[in-house]
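Taking it in order: structure first as structure tokens, then the write-up.
Side chains included, hydrogens not; waters and symmetry mates left out as well; all remaining heavy atoms used. As the structure is a prediction and not an experimental result, all values here were calculated from the model.
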2 protein chains.
Amino acid sequence: MILSKKSTYGLKALIALARREGEGLVIISDLAREARIPKKFLEAILLALKNGGILQSRIGKGGGYSLAIPARELTMGRIIRTLEGDYAPLACLRDASYPHCTECDGMELCGIRQVMSDVHRAIAKILDSALLSGVVERSDATKQIIDYSI
Amino acid sequence: MILSKKSTYGLKALIALARREGEGLVIISDLAREARIPKKFLEAILLALKNGGILQSRIGKGGGYSLAIPARELTMGRIIRTLEGDYAPLACLRDASYPHCTECDGMELCGIRQVMSDVHRAIAKILDSALLSGVVERSDATKQIIDYSI
DNA sequence: ACATACTCTAGTTTTTAAGTAGATAAGTAC
DNA sequence: GTACTTATCTACTTAAAAACTAGAGTATGT
């Protein structure tokens with residue numbers, strides 16, 4: 001569950017967009033510069049977020065990106081799932097419906113599978129209850145503390 | 001938190017060893033054949049587990065591997081940590097002591113960091129309370145159910 | 001028309017995981 | 001002691017995924 005750069009970049013961009021919520025569209029170049037993300041890479045990430053329904057965009061002059069979902073309703077789970085694909089800790093957990101997979105020869109894996117299934121649920125629970133707005137607030141709080149302490 | 005093949009193989013081998021606990025040493029070739037793991041790859045994995053204090057071995061004729069820690073005292077957390085390295089969900093979580101990392105420019109990451117820290121703790125809690133013996137028992141239980149259902 | 005900005009296709013580079021080969025050291029039985 | 005067996009070590013190779021880039025294409029406002 002190490003967060004990829006793709007997801008990290010995506011989250012940073014979303015945080016930046018959440019901070020400007022309601023202020024109209026933001027262009028990729030600005031986001032890339034502010035968050036220090038390679039522009040071309042960010043393009044692909046934002047596009048994925050748009051296709052996932054998390055962002056909306058307008059093309060052409062005056063265009064740019066904005067949140068399609070309010071930060072108070074957008075969960076970390078949805079964001080990460082959109083960027084990483086489903087974060088199943090074991091291949092055979094991908095489709096939860098399947099009772100056992102071919103890998104579980106001799107069933108050694110099925111014991112492992114059950115533990116990893118617990119892990120999976122625990123991760124999902126945390127990420128699906130963490131809202132983007134909360135992350136922004138916590139970032140601001142941290143910033144203040146650090147500003148004061150310097 | 002997708003489990004690598006290295007860890008999966010390692011766990012399968014440990015389960016096999018746990019099943020023969022108290023029955024002396026098991027040679028690599030047997031483990032590799034039974035668990036269908038490339039022998040050379042398994043060698044490296046078992047060596048890592050030995051260096052991590054999880055396995056013990058004896059060289060020479062009649063030699064082989066056995067658990068250095070009883071299956072009832074060996075946690076999944078220790079096993080996976082030995083094979084994967086510390087499974088921190090974010091690079092700057094690796095040393096928990098450090099209050100913030102250089103990546104947290106503008107502090108966007110610190111909000112993310114806190115959420116991922118929760119994830120990290122949740123994973124550790126589950127894996128550190130799951131014993132190898134429990135995994136073996138659950139595997140056997142699953143096996144029975146499936147045997148009956150066929 | 002033209003500048004602006006997103007969209008799309010198709011790459012390249014870098015990194016990490018996965019797997020292999022073969023030599024060497026070391027213990028045990030006989 | 002020597003032949004056998006097994007662990008240990010170094011150094012590759014291959015395969016796959018992550019990270020990043022280039023450039024053409026398309027839509028939009030003025």
Would the distance check show the side chain of [X] and the main-chain N or O of [Y] forming a donor-acceptor pair, the cut-off being under 3.5 Å?
| X | Y | value |
| --- | --- | --- |
| B:R78 | B:G52 | yes |
| A:E21 | A:A71 | yes |
| B:S129 | B:K125 | yes |

May I ask you to evaluate whether [X] reaches the phosphate of [N], defined as a side-chain N or O under 4.0 Å from OP1 or OP2?
| X | N | value |
| --- | --- | --- |
| B:Y9 | C:dG19 | yes |
| A:Y65 | C:dT7 | yes |
| B:K50 | D:dT8 | yes |
| B:S57 | D:dT8 | yes |
| B:R58 | D:dA7 | no |

[atom1] of [X] versus [atom2] of [N]: gap in Å, rounded?
| X | N | atom1 | atom2 | result |
| --- | --- | --- | --- | --- |
| B:I37 | C:dG19 | CD1 | P | 10 Å |
| B:L3 | C:dA17 | CG | P | 13 Å |
| A:D30 | C:dT4 | CG | C1' | 13 Å |
| B:L47 | D:dC9 | CG | C1' | 8 Å |
| B:E43 | C:dA25 | CD | P | 16 Å |
| A:L42 | D:dA22 | CG | P | 16 Å |
| A:I27 | C:dC6 | CD1 | P | 6 Å |
| B:I59 | D:dC4 | CD1 | P | 18 Å |

Tell me what A:L46 touches on the nucleic acid: a base, only sugar-phosphate, or nothing, going by heavy atoms under 4.0 Å. nothing
Any donor-acceptor pair under 3.5 Å between the side chain of B:K6 and the base of C:dG19? no
B:K40 (side chain) and C:dG22 (base): donor-acceptor pair under 3.5 Å: yes
Salt-bridged, B:R72 to B:E137, with N to O below 4.0 Å? yes
May I ask you to decide whether A:D128 forms a salt bridge with A:R81, counting only side-chain N to carboxylate O separations under 4.0 Å? yes
Compare the minimum distances between each of C:dT20, D:dT21, D:dT28 and the side chain of A:K61, then state the nucleotide with the smallest one. D:dT28
Judged by each residue's nearest nucleotide on DNA chain D, which is more toward the 5′ side, A:G62 or A:P38? A:P38
